[in-house]
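Take a look at the structure below.
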Amino acid sequence: MTRKKDPLRSSEWFGGQEKGAFIHRSWMKNQGFPPHLFDGRPVIGICNSWSELTPCNGQLRDLAEHVRRGVFEAGGFPVEFPVMSLGESNMRPTAMMFRNLAAIEVEESIRANPIDGVVLLAGCDKTTPALLMGAASCNLPTLLVSAGPMLSGSFNGEVLGSGTDVWRLSEEMRAGTITTAQFSAAEAAMSRSPGTCNTMGTASTMACLSEAMGITLPGNAAIPSVDARRRVLAFMSGRRAVEMVHQDLCMSRILTREAFENAICANAAIGGSTNAVIHLQALAGRVEVPFGLDDWNRIGRNIPTIVDLMPSGRFLMEDFFNAGGMQAVLRRLLDAGRLHGDCLTVNGRTIAENNGAIRVLNEEVVRPMTDPLTKDGGIVVLRGNLAPNGAIMKPSAATAALMTHRGAAVVFEDIDDYHARIDDPGLEVDEESVLVLKNCGPRGYPGMPEVGNMGLPRKLLQKGVTDMVRISDARMSGTAYGTVILHVAPEAAIGGPLALVQNGDMISIDATANAITLEVSDEELARRKAEWSPAMPPASGFERLFSEQILQADEGCDFELLKGRRGAAVARDYV
């Protein structure tokens, strides 16, 4: 490897003998750094989203130490810095409210400091896209190390999947088929170790898609969080970050249009989270790659879901790792001619070179393309007068018979209205109805929470109904399931057609035709729109900034002012 000709960014801080360099080096030395670390070697930032408030990321302090060792071995200078940690399980109103704020922190921390390359440590749902988005806007040599999934859960002899079985057990308790005591007893059994959800939730999805896009070392997605091999991967990532700086292997060379197309195909194959749509749309905007919502239909349709993993299937991430992990899936897709095999990855090799010889070790977990879990697993993008800018659904988690459906709307104006009325015995609803939830989009909630997989009315659960069509401008957890139509755009809070739906309106969906229709005349909708008025915007604070800057779901819910690459030019010094 030959070192790039341009001087490293960090030399602008640490190089030379003038007053400024003296100041920068001297203050760093108060931490015990010896003089030879300032000799012009690459400075690698370890961007750590660890927090005790983010259980998924609880082991990242340990992984940071292994990254540090790898950087030192390769002749680099590791410096760890924190970033706001976004814990989906604790943050209110929703971690999505703060994804862009964390991305700002990552971007500005990298740009403002003497950093030549970056290792991103992320786990929980929003931390991965937030860190990737912020780093992408700087475009330095960067790679990601994921926290890894927690160990498999088990209770009363049954496998428990994090998230997925919460929804199932909650519905069973509401239906009266299990007791409150049984529901409570499952808590400790579900979460046996630090790490992200052990189902194919958003955290695992984003780890898998990051590997499919080549921004991680091979094998990163599925190694369990407490497995020693994840520490080895962290060590090797630290080593590789130094080499990437010498090669000037920046993010924009990895995150190409073809890499995003590979991610769409991979998401279909793994039965990935619907949240991947929003996060990849936003990331594409940061690296200035043309990437639209309809690409999910055009590229991802007719790709089968071959990973038999909750919530779509039976197994958990530990099983997936033992079956060959994401590398096994990429091998299947390469053999089927569904990937751009020549895409470059962070280890300097192509997707095909990294994965073309991988063996599938368990064909129940990673199934053959000819014997899939779901024949067509790609995200379905629906359009029509109810969602002019699009809405999405996940076929692998839906009931096949409901993918084409027509029913009368049962409308909830917001999430509080839903909670107040869903179990009312007098609610006029049957299994053919379509549940409609408004004002839970980016501005409406605010923050677009994961409430789109509305629980069914208790009186229908007690009759044995297990699924219904549900429509909202909200998101849902990647661990959730059901025939759920999400991300309706424009959202209700800004006057999108969803705001105009009334009880009893007929709604039809046809996933095969990518259609969603509110069977109300244009004239009647215009009359309703004239009577509609928006809510008052937030008065101040981050919520006000969020409301003013947030883009709609079809554009990735980034802030308008954050789109694009701003680079990492060294700013003027103050001395």
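FYI, side chains are in, hydrogens and waters are out, and symmetry mates aren't considered; it's all heavy atoms of this structure.
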Is it true that a side-chain atom of [X] and a backbone atom of [Y] form a donor plus acceptor pair closer than 3.5 Å?
X      : Y      : answer
Ser204 : Gly201 : no
Asp473 : Gly441 : yes
Asn57  : Cys124 : yes
Ser472 : Ala474 : yes
Arg230 : Ile223 : yes

Practice prompt. Evaluate the salt bridge (Lys or Arg N to Asp or Glu O under 4.0 Å) criterion for residues Arg406 and Glu432: first the C-alpha distance (whole Å), next the side-chain angles of each, then the deciding distance (0.1 Å), finally the verdict.
Written response: CA-CA 8 Å; Arg406 182 175 183 268; Glu432 297 298 314; over 6 Å; no

When you compare the side chain of [Y] with that of [X], does any pair of heavy atoms fall below 4.5 Å?
X      : Y      : result
Glu555 : Lys563 : yes
Thr199 : Cys197 : yes
Leu461 : Val465 : no
Leu86  : Thr54  : no
Leu330 : Leu339 : yes
Pro194 : Pro55  : no
His340 : Arg257 : no
Leu373 : Pro304 : no

Fill in: Audit row: Glu363, Arg332, salt bridge (Lys or Arg N to Asp or Glu O under 4.0 Å) steps and yes/no
CA-CA 11 Å; Glu363 294 204 343; Arg332 291 275 201 234; 3.3 Å; yes

Results of side-chain hydrogen bond (donor to acceptor under 3.5 Å, both in side chains) for [X] - residues two or more places apart only:
X      : answer
Arg286 : Ser137, Asp558
Ser273 : Thr202, Asn275
Arg168 : Asp165, Glu172

Side chains of residues 309-319: which donor-acceptor pairs under 3.5 Å do they make with residues two or more places apart or in other chains?
from, atom 1, to, atom 2, distance (Å)
Ser312, OG, Ser396, OG, 2.9
Arg314, NE, Asp308, OD2, 2.9
Arg314, NH2, Asp308, OD2, 2.8
Glu318, OE1, Ser152, N, 3.0
Glu318, OE1, Ser152, OG, 3.3
Asp319, OD2, Leu316, N, 3.0

Decide whether [X] and [Y] meet the rule of one side-chain donor and one side-chain acceptor closer than 3.5 Å.
X      : Y      : result
Glu211 : Asn220 : no
Gln552 : Glu491 : yes
Asp342 : Thr350 : no

NZ/NE/NH1/NH2 to OD/OE distance under 4.0 Å, [X] and [Y]:
X      : Y      : answer
Asp295 : Arg298 : yes
Arg475 : Asp125 : no
Arg99  : Glu88  : no
Glu431 : Lys463 : yes
Arg253 : Asp248 : no
Asp467 : Arg470 : yes

Worksheet item: What's the verdict on side chain to side chain contact (heavy atoms under 4.5 Å, CB included) for Leu151 and Asn198, showing C-alpha distance, side-chain angles and the deciding distance?
Response: CA-CA 7 Å; Leu151 298 177; Asn198 53 27; over 6 Å; no

Exercise: identify the closest heavy-atom pair between [X] and [Y]:
X      : Y      : result
Met369 : Ala336 : CE-CB, 3.7 Å
Ile507 : Val436 : CD1-CG2, 3.8 Å
Val346 : Arg240 : O-NE, 2.6 Å
Pro395 : Gly377 : CD-O, 4.2 Å
Thr142 : Ile215 : O-CD1, 3.7 Å
Ala147 : Gln59  : O-NE2, 2.7 Å

Discussion item. Taking side chain to side chain contact (heavy atoms under 4.5 Å, CB included) as the criterion, tell me which of Leu140, Leu143, Asn347 meets it with Met244.
Written reply: Leu143

Discussion item. Out of the candidates Leu280, Thr345, Leu132, only one should pair with Met213 under the side chain to side chain contact (heavy atoms under 4.5 Å, CB included) rule; please name it.
Written reply: Leu280

Item to complete: Please step through side chain to side chain contact (heavy atoms under 4.5 Å, CB included) for the pair Val226 and Ser193, ending with a clear verdict.
Response: CA-CA 7 Å; Val226 294; Ser193 75; 4.1 Å; yes

Worksheet item: For Tyr481, which residues count as a ring pair (Phe, Tyr, Trp, His ring centres under 6.0 Å) partner, sequence neighbours excluded?
Response: none

Worksheet item: What residues, two or more places apart in sequence or in another chain, satisfy ring pair (Phe, Tyr, Trp, His ring centres under 6.0 Å) together with Phe98?
Response: Phe542

Item to complete: Go through Val307 and Phe320 one step at a time and tell me if the side chain to side chain contact (heavy atoms under 4.5 Å, CB included) criterion holds.
Response: CA-CA 8 Å; Val307 176; Phe320 183 45; 4.0 Å; yes

Discussion item. Working note: Ile550 + Asn100, criterion side chain to side chain contact (heavy atoms under 4.5 Å, CB included); need CA distance, chi angles, decisive distance, verdict.
Written reply: CA-CA 9 Å; Ile550 195 70; Asn100 300 341; 3.6 Å; yes

